[in-house]
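Below you'll find the structure, written out as C-alpha cells, and then a few comments.
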Number of protein chains: 2
Amino acid sequence: MTPSLRGDLFDPACPTRRLLDRIGTKWTSMAVKVLAEADPREVRFAELQRRMPGVSKKMLSVTLRSLTNDGLVSRRVEPTVPPKVHYRLTDLGRSLEVPLAALRNWAEEHMAEIDRANAAD
Amino acid sequence: MTPSLRGDLFDPACPTRRLLDRIGTKWTSMAVKVLAEADPREVRFAELQRRMPGVSKKMLSVTLRSLTNDGLVSRRVEPTVPPKVHYRLTDLGRSLEVPLAALRNWAEEHMAEIDRANAAD
DNA sequence: CTGAATCCCTTAAGATACTG
DNA sequence: CAGTATCTTAAGGGATTCAG
C-alpha cells in the first residue's frame with residue numbers, strides 16, 4: 001500500500017475524504033440503507049423510489065449509477081418489454097453498511113444534543 | 001423519543017441525514033480527526049491550519065464555528081494582544097470520533113476496491 | 001494573530017419534459 | 001418502466017481584503 005493510500009487525511013486523495021464525498025451526497029446513504037434492509041435483496045427501480053420518499057427519478061438514477069460504478073451495488077436487467085431493472089448491494093456494499101450503521105446509531109443517540117447546543121447558542 | 005427523531009431516513013429531519021450533512025462537508029472530519037489526535041488536546045487556530053494542509057483561513061473558521069455551535073468543539077480565548085484562541089473536542093466530539101474512526105478504517109481497507117470498480121467500467 | 005466580509009466560480013440537486 | 005436531456009437555483013468553497 002502506497003503512502004498516499006494510507007490514513008493521512010492530509011493527502012487530497014485521502015480515502016476517507018473520498019468516501020465521505022460519496023456517502024455525503026443526499027441520497028446515497030439512504031439508498032444503501034434501503035437496499036441493506038430489503039428482503040428479498042433485489043429491488044426494482046420504481047420500488048426503490050417508493051421506499052425513498054422525496055427522491056426524483058433523476059437523482060435516484062444518478063445515485064444508483066454512482067453506486068454501481070463504485071461496485072457497491074449490482075444491476076440486473078430483464079430485457080422484457082417494458083424492461084425490469086433490479087438492484088442489490090454487493091458484498092462490498094454490505095460491508096459498508098456496518099460503519100454506516102454505527103454512524104446512524106450515533107446520530108440517533110446524539111443529534112438531539114447537537115440541536116440543544118445550537119438552540120442554546 | 002418522537003417518531004420523527006427515530007431511525008427513518010424517510011423523515012426530512014432524519015438525524016443521520018443531518019449528521020452526514022455536517023461531517024460530509026470538506027474539512028469537518030479532518031478537523032475532528034486532528035483534534036482527536038492532538039496532544040495536548042487544545043490546539044490554536046494557526047496550529048490547526050498547519051495540521052490541515054490545504055485549508056484556507058475562511059474554511060477553517062467556518063468549519064470550527066459550525067463545530068462549536070454543534071457542541072462538538074469548545075473554544076477558549078485568551079484575551080491577550082494579539083489574542084490566542086484554543087480549540088478542543090468536547091466529550092460529545094470525542095464520542096463522534098468512534099464511528100468516524102470506523103468509517104476511516106473502512107475507507108482505508110476498501111477504497112482501493114472502489115477505485116478498481118471504477119477503472120474496470 | 002484571529003477571523004469576519006465580500007466576490008466569484010463550481011457543483012449538487014430539483015423541476016420539467018421527452019424517449020426506447 | 002426506467003431512465004435521459006436541459007434548465008435553473010442553492011450551496012460549498014477558494015481568494016482576497018478588512019478589522020479587533
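Both backbone and side-chain heavy atoms feed into the values below; hydrogens, waters and symmetry mates do not. Chain naming here is simple, since letters A, B, ... match the order of the sequence lines and numbering starts at 1 in each.
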State the CH2-OG distance between A/Trp27 and A/Ser56, to the nearest 0.5 angstrom. 7.5 Å
Qualifying ring-ring contact (aromatic ring centres under 6.0 Å, His included) pairs, either residue in [range], two or more places apart:
| range | value |
| --- | --- |
| residues 35-63 of chain A | none |
| residues 48-78 of chain A | none |
| residues 90-121 of chain B | B/Trp106-B/His110 |

Find the distance [X]:[atom1] to [N]:[atom2] and express it as a whole number of Å.
| X | N | atom1 | atom2 | value |
| --- | --- | --- | --- | --- |
| B/Leu64 | C/dT2 | CG | P | 11 Å |
| A/Gln49 | C/dA13 | CD | P | 16 Å |
| B/Arg44 | C/dG3 | CZ | C1' | 13 Å |

What's B/Thr80 touching, base or sugar-phosphate or nothing? Going by heavy atoms closer than 4.0 Å. nothing
First and last nucleotide of DNA chain D in contact with chain B, 5' to 3', at under 4.0 Å to a heavy atom: what are they? D/dG13 to D/dG20
Report the residues that fulfil side-chain contact (heavy atoms from CB on, under 4.5 Å) with B/Ala117, sequence neighbours left out, ordered by chain and then residue number.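 In terms of side-chain contact (heavy atoms from CB on, under 4.5 Å), with neighbours along the sequence ignored, B/Ala117 is linked to no residue.
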Just jot down the salt bridge (charged side-chain N to carboxylate O under 4.0 Å, His left out) partners of [X], sequence neighbours excluded, or say none.
| X | value |
| --- | --- |
| A/Arg44 | none |
| A/Arg88 | none |
| B/Arg94 | B/Asp91 |

Among all residues two or more places apart in sequence or in another chain, which pass the side chain to side chain donor-acceptor pair (under 3.5 Å) test with B/Ser74?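 Counting only residues at least two positions away or on another chain, B/Ser74 forms no side chain to side chain donor-acceptor pair (under 3.5 Å).
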Could you list the protein-to-nucleotides 4-7 of chain C atom pairs, N/O on both sides, closer than 3.5 Å?
from	atom 1	to	atom 2	distance (Å)
C/dA4	OP2	B/Ser61	OG	3.1
C/dA4	OP2	B/Arg65	NE	3.1
C/dA4	OP2	B/Arg65	NH2	2.6

Pair assignment for DNA chain C - dot-bracket with | for other-strand partners, Watson-Crick or G-U under 3.5 Å: ||||||||||||||||||||
Contacts satisfying salt bridge (Lys or Arg N to Asp or Glu O under 4.0 Å) that involve residues 68-80 of chain B (not counting sequence neighbours) are B/Arg22-B/Asp70, B/Glu42-B/Arg76
Would you mind telling me which residue lines up with the more 5' stretch of DNA chain D, B/Lys26 or A/Pro83, judged by nearest nucleotide? A/Pro83
